[in-house]
There are 2 protein chains.
Amino acid sequence: MTDATTTTSTTTTTTTTTPDRRPGGRTARIRTQVLDAVRAELTENGHEGLTVEGVATRAGVHRTTVYRRWRDVGGLLVDVIDAAGEIDWQPPDTGSLRGDLTALNEEIQESLLVRPSFALALMAASFHSEQAAQAQTQLWADRYAQCEILVERAVERGELPSHCTDARSLLVAATAPVYHHLVLQRAAPDPLLPERSAVAAVLAAAAGAFSVD
Amino acid sequence: MTDATTTTSTTTTTTTTTPDRRPGGRTARIRTQVLDAVRAELTENGHEGLTVEGVATRAGVHRTTVYRRWRDVGGLLVDVIDAAGEIDWQPPDTGSLRGDLTALNEEIQESLLVRPSFALALMAASFHSEQAAQAQTQLWADRYAQCEILVERAVERGELPSHCTDARSLLVAATAPVYHHLVLQRAAPDPLLPERSAVAAVLAAAAGAFSVD
């Protein structure tokens, strides 16, 4: 879920938590500077305004360094998406599936409503760059995989029938309406949607909608 | 739902069904030619490649005519979205809510998988043009309003509790996962998703997820 990626968009400091073989080394430092610049350019000017030169200037790094390591705008996009997947994001743990999914949806909603929104900028970019689209598909898959623990915990607590529930389908059903409302329909924010959508998914799951047989 | 808009993207003839004050008149004919050109340019080259000059050339219309009537690319986008809302689309009527929502989702899935996809191109454009985004928000609202009949029929048939169900929420819950899967996650098509997503929404609705109190 790209929601979590926004935590790196507002400050530069959080990106230093990105794991790197040589923390504090020159290579890691340059990556941090360059990816911070990509995030800033992307959120301010969108994908259309993203250039290797602009990123190099903003990062205070020689552009040949950027060309050598990232090659082009596509390479920069892929790495900034990969970096979003590296941050130490944890899915919510509120004690109930309904609470967890609501909290997840609140987080997603917030990431889509903040202006400028890095999450939105990434989604827009993936319409124009096949490389970015693929990296983002992987990021979505990783985030949803990470959230499967919510469903596992719900089964352990007896909130869901013990027969297998397709966790990914349940998670998509719970979260998709929030993205749909804000990213595609671009409708006015609905403060009740995160919880309503979570509740609908929980009720559907309890009725066996996502059971695997 | 932009799904229905794709019916105008593949052929030029279907756009002649667009209602117009003076069918066959010069104004109507020029609009048809210009909007056909916008759809073709948009699906082939995307929003970035859309120019008034390119549209005028393709339409075989003088560019001053296009500037005078549509002003700019934003005006062209708005009108092509408005035109999509004018086509004589009817929501499915299969005899059951599950069947109707599944058919609706199949239609949506098809519109997103066809290449080039006019529906996808419109969504991409709405990230870059505020005017296009607003026109599209209206189109979504109209399409969902048009689909509310599916829920009304289900209540009449006794498939849903007779207390009020928020039709729009139910419809969004049913359709959002299909858009989410193909437009945002850009995951591999899942032939079972249209029905699974429809069934989940029906089960949630039966359990009172979308009840209005």
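In what follows, chains are A, B, ... by sequence order, proteins preceding strands, each numbered from 1. All of these numbers come straight from a predicted model, not from anything done at the bench. Only this structure's heavy atoms are used, side chains among them; waters, hydrogens and symmetry mates stay out.
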Contact winner vs chain B - [options], heavy-atom pairs under 4.5 Å:
options                        : result
A:V183, A:D166, A:V199         : A:V183
A:Q138, A:Q185, A:Q134, A:R196 : A:Q185
A:S169, A:A206, A:A121, A:A201 : A:S169

Close side-chain approach of B:E48 to A:H128, heavy-atom, < 4.5 Å: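 Side chain of B:E48 against side chain of A:H128, heavy atoms only: contact under 4.5 Å found.
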Of B:A173, B:A176, B:A209, the largest count of non-hydrogen pairs under 4.5 angstrom with chain A goes to B:A176
Specify which of B:A187, B:A133, B:S126 makes the most heavy-atom pairs with chain A at under 4.5 Å.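 So the answer, after comparing B:A187, B:A133, B:S126, is B:S126.
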If the condition is salt bridge (Lys or Arg N to Asp or Glu O under 4.0 Å), which residues does A:R157 pass it with, not counting sequence neighbours? A:E159
Inter-residue atom distance B:L184.CG - A:T175.OG1, 0.5 Å rounding: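 Between B:L184 CG and A:T175 OG1, I get 10.0 Å after rounding to 0.5 Å.
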Atom CH2 of A:W140 and atom CZ of B:R186: how far apart are they, to the nearest 0.5 Å?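 Rounded to the nearest 0.5 Å, the CH2-CZ separation comes to 11.5 Å.
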Between A:S197 and chain B, which part of the residue has a heavy atom less than 4.5 Å away: side chain, backbone, both or neither?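 Contact with chain B is absent: no heavy atom of A:S197 under 4.5 Å.
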Count the heavy atoms of every other residue, nucleotide or ligand shown that sit under 6.0 Å from CZ of B:R63, and state whether that count exceeds 12. no
Take a 6.0 Å sphere around CZ of B:R98 and say whether it holds more than 12 heavy atoms from other residues, nucleotides or ligands.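 Counting neighbours around CZ of B:R98, 12 or fewer heavy atoms of other residues, nucleotides or ligands fall under 6.0 Å, so no.
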Please name the pair of heavy atoms, one in A:V172 and one in B:P177, separated by the smallest distance, quoted to 0.1 Å.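 Reported closest heavy-atom pair: CG1-CB, 4.1 Å.
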Over 60° means perpendicular and under 30° means parallel, so tell me whether B:H180 and A:Y179 are parallel, tilted or perpendicular.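 Aromatic pair B:H180/A:Y179 classed parallel.
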